[in-house]
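Here's the structure we're looking at; comments come further down.
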Amino acid sequence: MLAEKYADRIAKIFAKYPDKRSGVMALLYLAQEEYGWVTPEALEEVAALCDIDPTQVQSIAGFYTMYSEKPKGRYWLQVCTDLPCALRGADEFYRQLCEYLGLSEEGGTTADGLFTVEPVMCLAACDKAPMLQCNFHYHENLDMEKMKALIEQWRAEASRSDGDRG
Amino acid sequence: MAHILLRNRDIADIWQFETYVAHGGYEGLRKAIKEHTPAEVIQIVMDSNLRGRGGAGFPTGRKWSFIPKDAPIKYVVVNADESEPGTFKDRELLEKNPHQVIEGAMIAAYAIQATAVYVYCRGEFWDLAHALEERIEEARRANLLGEDILGSGWSCNMYVHLGAGAYICGEESALLNSLQGLLGQPRVRPPFPAQMGGGLYYQPTVVNNVETLANVPWIVLNGAAAYKEIGTPESPGPKIFCVSGHVERPGNYELPLGLTFRELIYEHAGGIPNGKRLKGILPSGASGPVLRATDEVLDAPLTYESVAALGSTLGSASFILMDEDTDMVWAAAKMIHFFKHESCGKCTPCREGTYWLERIYERLLDGRGTPRDLELLESVPRQIQGLTLCALGDFACNPVLSTLQHFREEYERYVGLTDAVPQAAIAGA
């Protein structure tokens with residue numbers, strides 16, 4: 001349960017606002033961090049914490065692109081393919097990235113559950129295209145060579161942490 | 001010329017509190033509090049003719065003056081939801097020169113005697129927002145915000161709020177709803193945010209863009225008259241121009257308003273790569289009309305008035321450049337896809353209109369378009385423009401109508417009306 005496990009962080013979130021309802025976005029991030037995605041149970045928990053209806057929480061979770069209402073790969077890659085990035089080759093970069101990971105051009109999640117790839121709207125990094133955010137951290141001025149190195153790095157990181165757990 | 005806004009380009013590590021202070025940081029706030037009444041600060045900013053840098057260009061001092069003096073609770077909200085395609089200036093300011101934004105926000109807060117400041121950062125500025133919280137703590141420890149600021153008896157805290165990926169939350173009333181934990185959709189106005197009932201938690205609220213606030217410490221320190229010596233009389237001050245797309249040196253350029261398109265694009269940003277000629281210019285990201293790169297356009301000054309006279313807007317000064325090989329129908333389709341995705345769904349004309357516009361563009365690009373589609377592209381915007389609560393609907397019409405106006409022959413080729421090779425570009429470099 002979020003309420004017990006993260007009592008301090010939750011208290012800090014609520015301390016910022018005169019109305020508990022304003023904590024809903026920060027709490028959805030917290031839930032996503034804890035469960036990997038915004039699960040139906042998470043919606044209930046966040047709703048109870050903010051003292052609003054779960055349906056209202058769900059509408060907010062669905063409204064924004066940074067909340068995921070279904071499970072994602074461990075590395076969630078959102079590639080900007082908006083006009084300024086596309087003028088600098090982002091569409092082709094996205095296509096090659098999907099191909100490299102064995103995904104269709106719609107993106108999706110790799111069979112091993114490691115990577116989710118999707119196109120995303122402008123990330124305010126147009127001068128450093130092609131670029132993407134991975135689990136909310138930016139990687140800029142990319143090409144497929146750099147991308148392959150990053151993917152290998154993430155694969156190694158994932159197998160290391162799996163090894164630790166095993 | 002030394003930078004006024006992007007001082008990080010001149011001073012290494014100015015993001016650090018000590019470095020910022022060592023270079024005159026927070027002197028503007030000190031001066032405001034020690035030497036001026038709140039009303040005087042508003043007057044100075046009014047006299048400076050500073051206009052909002054978020055896109056609308058509204059006079060900043062006037063915006064502050066609308067706040068009722070007797071309201072017990074008042075807010076300043078910093079709009080750091082920078083989401084317009086082609087815009088990446090607020091990010092550099094917040095990452096590299098954050099204390100100047102904090103200082104500007106606190107001067108605004110002093111001017112309206114705000115009780116709290118919220119910085120609404122787009123969710124994708126995740127790393128930046130967490131670093132900003134540390135910068136705010138540094139300012140708090142120095143008594144530059146928080147309780148009894150600099151012994152003045154005035155108290156005001158500052159908090160960071162993270163969005164979660166929605167262009168519409170850059171629209172101020174949608175931003176306020178989002179901050180309140182409501183759906184990020186625009187409100188009916190009036191009441192406007194500055195008025196009772198219209199702001200954050202329905203209290204009087206000033207919403208200012210990051211870059212706008214970054215101008216304020218300099219104005220307070222150096223005075224309105226000095227500020228007006230930069231730029232032009234109607235559009236004074238420095239402006240950060242974001243340049244992206246087909247350009248040799250993409251990036252931010254802080255320059256006085258009033259230089260020409262040609263100077264910005266060819267002298268500062270290095271011109272168009274591979275010896276190509278420039279065809280299309282979006283001076284205000286995806287939301288303003290595209291311009292054809294004629295000599296007349298290239299020699300026009302970059303001010304709010306002159307770009308408007310050319311039929312576009314200076315907006316947030318986000319220049320997306322497109323060379324002679326760019327397919328303008330494809331470019332318009334990209335922008336429509338953006339607006340369709342970002343339409344919040346509240347107003348039917350925008351929600352439905354952007355959906356149908358996207359369908360038409362899909363047909364055109366698939367080779368299934370007909371001459372009738374060009375008529376539709378002209379009639380659908382007429383059913384959106386002016387019929388929505390916020391400007392997103394109008395924005396969505398701009399790429400359609402402006403590309404039709406300036407590059408109609410490219411649409412005609414898509415529907416088989418002409419085989420003519422489009423007249424490529426216009427001005428030589």
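Naming convention: chains lettered A, B, ... in sequence-line order (proteins, then strands); numbering from 1 in each chain.
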[X], part contacting chain A, at a heavy-atom distance under 4.5 Å:
| X | value |
| --- | --- |
| B/Y167 | neither |
| B/S178 | both |
| B/C242 | neither |
| B/Y201 | side chain |
| B/A286 | neither |
| B/L282 | side chain |
| B/Y75 | side chain |
| B/R249 | neither |
| B/E92 | neither |

With chain A, which of [options] has the greatest number of heavy-atom pairs at distances under 4.5 Å?
| options | value |
| --- | --- |
| B/V247, B/N157, B/L182, B/V243 | B/L182 |
| B/L162, B/I168, B/L183, B/D90 | B/L183 |
| B/L321, B/I320, B/N252, B/D323 | B/I320 |

Check your understanding: Top residue by heavy-atom pair count (under 4.5 Å) with chain B, among A/R88, A/Q56, A/Q78?
Key ->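 Maximum pair count with chain B is reached by A/R88.
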Point to revise | Partner chain B: residue of A/P18, A/C80, A/S59, A/A129 with the largest heavy-atom pair count (under 4.5 Å) | key: A/P18
Indicate, with yes or no, if the rings of [X] and [Y] have centres closer together than 6.0 Å.
| X | Y | result |
| --- | --- | --- |
| B/Y159 | B/Y118 | yes |
| A/Y29 | A/Y67 | yes |
| A/H139 | A/W154 | yes |

Review point. On the ring face of A/F14, is A/K20 found with NZ or CZ under 6.0 Å from the centre and within 45° of the axis?
Key: yes
Practice item. Look at B/K279 together with B/E324 and state whether they make a salt bridge at an N to O cut-off of under 4.0 Å. Key: no
**Study point:** Sidechain N-carboxylate O distance under 4.0 Å for A/E33, A/R9
**Key:**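 Judged by the 4.0 Å cut-off on N to carboxylate O distance, A/E33 and A/R9 do form a salt bridge.
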Do we see a donor-acceptor contact under 3.5 Å between the side chains of [X] and [Y]?
| X | Y | result |
| --- | --- | --- |
| A/Y75 | A/E157 | yes |
| A/R74 | A/S161 | yes |
| B/Q180 | B/Y202 | yes |

**Study point:** Under 4.5 Å from any heavy atom of chain B - which part of A/A125
**Key:**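 A/A125 touches chain B through backbone and side-chain heavy atoms alike.
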Check your understanding: Could you walk me through whether B/K334 and B/E362 pass the salt bridge (charged side-chain N to carboxylate O under 4.0 Å, His left out) check?
Key -> CA-CA 10 Å; B/K334 274 274 178 195; B/E362 281 170 3; over 6 Å; no
